[in-house]
Amino acid sequence: MRQQEIVIVGAGISGSVLAERYACQGKKVLVIEKRDHIGGNCFDYTDENGIIVSKYGAHLFHTNDREVWEYVNRFTIWQPWEHQVVARVDEQLVPVPVNRNTVNLMFGENLQTDQDMKQWLEKNRIPIDQPTNGEEAVLNSVGLELYEKLFKHYTKKQWDKYPDELDASVLNRIPVRLNEDGRYFSDRYQAIPIGGYTRLFERMLDHPNIEVMLNTDYADLRDDLTGFEKLFYTGPIDRFFEFKKNLQEKLEYRSIRFEFESLDMEFFQENSVVNYPGTEVDFTRIVEYKHFGNQKSSKTTISREFTVDHGDPYYPVPNPRNQQVYESYRREADKLSNVYFVGRLASYKYFNMDQAFRCSLDLYHQLEEESVVTTNTGLD
Ligand SMILES: Cc1cc2nc3c(=O)[nH]c(=O)nc-3n(C[C@H](O)[C@H](O)[C@H](O)COP(=O)(O)OP(=O)(O)OC[C@H]3O[C@@H](n4cnc5c(N)ncnc54)[C@H](O)[C@@H]3O)c2cc1C
């Protein structure tokens with residue numbers, strides 16, 4: 001029988017923040033992680049080419065949340081990194097999200113000012129008052145040609161559905177820039193951790209009050225865990241209840257299959273991420289990790305990403321059926337008094353990293369009524 005005060009399922013961002021916070025408060029914390037490593041989907045490692053690669057896809061930190069930024073800075077050193085993405089269209093590389101250069105390159109235009117771009121969009125977009133699906137949302141925003149070349153097939157590859165089969169909200173807020181800003185994100189703080197994300201998690205969890213059990217599924221330990229004060233669960237909410245006979249409906253997720261390749265050449269492509277929005281290949285993008293933080297090696301490592309139905313749960317599928325199933329689990333979760341569901345899998349919601357940090361910090365505050373910056377556990 002284990003007698004920890006705080007039990008945490010999952011050693012990703014959501015679990016690690018709560019572990020760190022409670023350990024600093026003097027609580028004995030047990031973290032249970034079914035994978036053989038900490039860090040959740042942010043986990044990275046140095047490969048045979050001496051390059052830091054992310055096992056579950058490239059992770060770029062970006063936030064406008066100053067408190068979260070200060071919090072993550074306690075544990076590691078960050079280098080500024082403004083991520084850029086290009087897409088291969090008709091044998092050339094064009095910036096995404098769409099900006100003035102995208103249009104100039106794809107259509108041989110010579111748009112010079114924001115006003116020129118505005119006029120181009122006005123001429124090309126197909127105005128639809130209340131878009132009812134993803135296709136209408138994109139047509140309303142950028143028009144038919146950009147829709148066909150950048151959005152239609154990319155969406156099909158990502159969701160296995162064409163935009164007209166998806167809710168307008170999925171594509172409603174696609175960013176379109178009038179200027180030449182080629183950054184993928186526009187947040188105030190954009191950075192990557194020097195030495196990788198795993199180091200950040202190692203430091204967060206490096207505390208005498210924290211015990212981490214890797215290779216351990218919560219389902220196998222459930223009956224051994226007694227007498228805890230609080231349990232935080234950051235795994236998929238449907239799996240938590242799978243032992244209940246009346247709650248058997250599964251939530252749907254999209255997953256990604258990563259095909260890593262080591263190449264005996266200095267660089268494979270011009271940019272860290274190249275999207276493939278066309279039908280000529282099945283993958284959505286190729287990531288070349290060496291570009292991140294300008295890493296040095298005589299070789300290079302790339303990863304082709306294929307979005308698939310089965311595998312680790314990555315992206316919740318936003319549709320009414322899944323929302324309804326999620327609500328039924330949520331109601332069951334609300335009946336439990338000392339068990340808390342937190343993080344992207346337990347909330348069945350896509351979170352960026354900063355949102356995951358924010359949610360766990362908020363939950364901790366709400367439960368413990370403390371201010372964030374109390375104890376310094378990071379670098380000294
Ligand atoms: C491909 C991809 C790329 C992304 N890129 C970015 C990006 O560039 N920028 C950004 O801000 N965000 C990005 N994100 C989002 C980011 O990964 C998440 O915000 C973050 O991982 C959420 O942390 P979490 O702790 O909630 O979940 P997770 O990282 O999924 O951690 C949950 C942990 O719980 C464990 N677990 C689950 N069930 C059990 C169980 N039964 N027993 C024990 N352990 C269990 C899992 O193994 C996992 O380690 C990306 C996500 C994906 C999928």
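Ligands are counted one by one from 1 in listed order, and the atoms in each one are counted from 1 as well.
In the hydrophobic cluster analysis, where Ile, Leu, Val, Met, Phe, Trp and Tyr join through side-chain heavy atoms closer than 4.5 angstrom, Met106 is grouped together with Tyr184.
Checked by distance only, ligand 1 and Tyr233 stay at 3.5 Å or farther apart across all their nitrogen or oxygen atoms. Considering backbone and side-chain N/O atoms, Ile13 comes within less than 3.5 Å of an N/O atom of ligand 1.
For Tyr56, every heavy-atom contact with ligand 1 shorter than 4.0 Å involves the backbone, none the side chain. The part of Thr216 lying near ligand 1 is the backbone, judged by heavy-atom distances below 4.0 Å.
Of the options Tyr350, Phe351, Tyr253, the smallest heavy-atom separation from atom 14 (N) of ligand 1 is shown by Tyr350. Proximity annotation for atom 29 (O) of ligand 1: of Asp220, Ile192, Asn41, Asn41 comes nearest, heavy atoms only.
For the atom pair OH (Tyr350) and CZ (Arg254), the distance works out to 15.0 Å, reported to the nearest 0.5 Å. Atom CZ in Phe267 sits 4.5 Å away from atom NZ in Lys290 (nearest 0.5 Å). Here the CG atom belonging to Asn140 is positioned 11.0 Å from the CG atom belonging to Leu121, to the nearest 0.5 angstrom. If you take CG on Leu18 and CE on Met204, they are separated by 9.0 Å, rounding to the nearest 0.5 Å.
Of the protein's heavy atoms, Glu33 OE2, 2.6 Å lies nearest to atom 47 (O) of ligand 1. Counting protein heavy atoms only, atom 6 (C) of ligand 1 is closest to His59 CD2, 3.6 Å. Closest to atom 34 (O) of ligand 1, if we only count protein heavy atoms, is Gly10 CA, 3.2 Å. Looking from atom 22 (C) of ligand 1 to the surrounding protein, the closest heavy atom is Arg344 CD, 3.6 Å. Protein heavy atom closest to atom 26 (O) of ligand 1, with residue, atom name and distance, is Ser14 OG, 2.6 Å. Leu60 O, 2.8 Å is the protein heavy atom nearest to atom 9 (N) of ligand 1. For atom 37 (C) of ligand 1, the closest non-hydrogen atom of the protein is Gly235 CA, 3.5 Å. Residue, atom and distance of the protein heavy atom nearest to atom 12 (N) of ligand 1 are Met353 N, 3.3 Å.
Short contacts between ligand 1 and Tyr314, defined as distances under 4.0 Å to a heavy atom of the residue, involve ligand atoms 53 (C). Listed by number with element, the atoms of ligand 1 under 4.0 Å from a non-hydrogen atom of Gly343 are 26 (O). Close contacts of ligand 1 with Tyr218, meaning ligand atoms under 4.0 Å from a residue heavy atom, involve 40 (C), 41 (N), 42 (N), 43 (C). In summary, the atoms of ligand 1 found under 4.0 Å from a heavy atom of Ala58, numbered by their order in the structure, are 3 (C), 4 (C), 5 (N), 8 (O). Every atom of ligand 1 is numbered from 1 in the order shown, and the set under 4.0 Å from a heavy atom of Leu345 is 30 (O). Listed by atom number, the atoms of ligand 1 under 4.0 Å from Gly40 heavy atoms are 29 (O), 31 (O), 49 (O). The atoms of ligand 1 that sit less than 4.0 Å from any heavy atom of Asp217 are 40 (C), 41 (N), 42 (N). For ligand 1 and Tyr315, the ligand atoms under 4.0 Å from any heavy atom of the residue are 1 (C), 2 (C).
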Requested in this report: Before giving the answer on side-chain hydrogen bond (donor to acceptor under 3.5 Å, both in side chains), spell out for Asn110 and Gln112 the whole-Å C-alpha distance, their side-chain angles and the decisive distance to 0.1 Å.
Outcome: CA-CA 6 Å; Asn110 185 24; Gln112 298 286 334; 2.7 Å; yes
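The environment of Glu48 atom CD is dense: over 12 non-hydrogen atoms of other residues, nucleotides or ligands sit within 6.0 angstrom.
For the pair Ala23 and Val29, the tightest heavy-atom approach, listed with the atom from each and the gap, is N-CG2, 3.8 Å.
Side-chain atoms of Gln295 and Asn49, non-hydrogen and from C-beta on, never get closer than 4.5 Å to each other. Within the 4.5 Å cutoff, the side chain of Arg344 has heavy atoms near those of the Asn41 side chain. Side-chain contact between Arg203 and Thr76 is present, with at least one heavy-atom pair separated by less than 4.5 Å. Within the 4.5 Å cutoff, the side chain of Met117 has heavy atoms near those of the Val103 side chain.
Evaluation of the ring-ring contact (aromatic ring centres under 6.0 Å, His included) test over residues 122-157, restricted to residues two or more places apart or in two chains, returns none.
In this structure, Ala219 falls outside the shell of residues with a heavy atom less than 4.0 angstrom from ligand 1. Residue contact annotation: Pro236 has a non-hydrogen atom under 4.0 Å from ligand 1.
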Could you pull out all donor-acceptor pairs under 3.5 Å where a side-chain atom in residues 83-91 meets a protein atom, sequence neighbours excluded?
residue, atom, partner, partner atom, Å
Arg88, NE, Tyr276, OH, 3.4
Asp90, OD2, Lys149, NZ, 2.7

